[in-house]
Amino acid sequence: MKHIIIKSPAQVEGIRRSSKLATETLNFVASLIKPGVSTLTLNDAAHQFIIDHHAIPAPLGYNGFPKSICTSINNVVCHGIPSATDILKKGDIINIDITTILDSFYGDTSATYPVGNVPEKTKKLLNRTKQALDLAIAALAPNKYLNRCIGQTIEEYLTPFNYGIVRMLGGHGVGVDFHEEPFVFHYNTHQDDVLLKPGMIFTVEPMVNSSPDYNVTIDKKDGWTVRTNDGALSCQFEHTVLITPNGHEILTKL
Ligand code: MF3
Ligand code: CO
Ligand code: CO
């Protein structure tokens, strides 16, 4: 039986603080994005920022992950490993994913940014993926089913655009641990699985490919980097959200 933690008020407050720091870190790293910058430079700046705020970057050493943030460029879907040889260039898109541990509580957020000017169809991919996330979160409230709010909303909104909604990875409960129950599907599973209750905290983090192919492959050498199978661009935005008695609260909002 799957166990979804209902967070206590004290846990909610701790996760709220960690989520705020994750958001501030993401915002800070975003300000450093420009052509010529390496993803290692972004990693090191994020690492220092998190440490300076008396927190720990959750990815570092997590199941052997070697760096402090994930940096995923163009056809990399997620879990890109920062490197001195990955240099941002004009026209790229990059997802920065930040997870902080503050006083043992986790906050998790990510966003995808253009590097300099990008083609109109790339701007549309970014805007629509963000819109899909926002619409899904807007539907969240107690006594509703998770899939109806998230998977169904995202799939119905994105269907006209012929994108691929990644299935292999999803959102997750978060807060006391990095990855908790439930698994959050971003496509319509047509199943009334999780009935939402106040005190549940989880991420919503759709990964959307610019082609209809939702299949992805993990790099065999590094064991982490997830890429689109057909080389298409992939885009992702992530928030940590709390179910409240009246609806929801985005804990990673700027
Ligand atoms: N932050 C990612 C998520 O949203 C997980 C990264 S796991 C890591 O779930 F090990 F790559 F950091
Ligand atoms: Co996450
Ligand atoms: Co994340």
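One-based numbering, in listed order, for ligands and for the atoms of each.
- Donor-acceptor pairing under 3.5 Å is lacking for the side chains of T23 and T252.
- In this structure, R167 fails the cation-pi test against F185, since its NZ or CZ atom is not both closer than 6.0 Å to the six-membered ring centre and inside 45 degrees of the ring normal.
- At a cut-off of 2.8 Å, H172 is counted among the residues with an N, O or S atom near the Co ion (ligand 2).
- Ring centroid separation for the pair H186 and Y214 does not come in under the 6.0 Å cut-off.
- Ionic pairing of R148 and E156 is not present here: no N-O contact between side-chain nitrogen and carboxylate oxygen is shorter than 4.0 angstrom.
- Between E13 and R17 no salt bridge is recorded (no basic side-chain N to carboxylate O distance below 4.0 Å).
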Could you give the N/O to N/O pairs under 3.5 Å linking ligand 1 and the protein, each with its distance?
unit_1, atom_1, unit_2, atom_2, d
ligand 1, 1 (N), D97, OD1, 3.1
ligand 1, 1 (N), D97, OD2, 3.2
ligand 1, 1 (N), T99, OG1, 3.3
ligand 1, 1 (N), D108, OD1, 3.3
ligand 1, 4 (O), D97, OD2, 3.2
ligand 1, 4 (O), D108, OD2, 3.1
ligand 1, 4 (O), E205, OE1, 2.8
ligand 1, 4 (O), E205, OE2, 3.3
ligand 1, 4 (O), E238, OE1, 3.0
ligand 1, 4 (O), E238, OE2, 3.0
ligand 1, 9 (O), H172, NE2, 3.0
ligand 1, 9 (O), H179, NE2, 2.8

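- H239 and E205 form no side-chain donor-acceptor contact under 3.5 Å, judged by distance and modelled atom types alone.
- A donor-acceptor contact closer than 3.5 angstrom is absent between the side chains of T203 and D108.
- A donor-acceptor contact shorter than 3.5 Å links the side chain of Q11 to the backbone of S8.
- Under the 4.5 Å side-chain heavy-atom criterion for ILVMFWY residues, no single connected hydrophobic cluster contains both I201 and L102.
- Excluding waters, the set of protein N, O or S atoms lying under 2.8 Å from the Co ion (ligand 3) comprises D97 OD1, D97 OD2, D108 OD1, E238 OE1.
- Counted by atom type alone, N127 and Q131 present zero donor-acceptor pairs between their side chains at under 3.5 Å.
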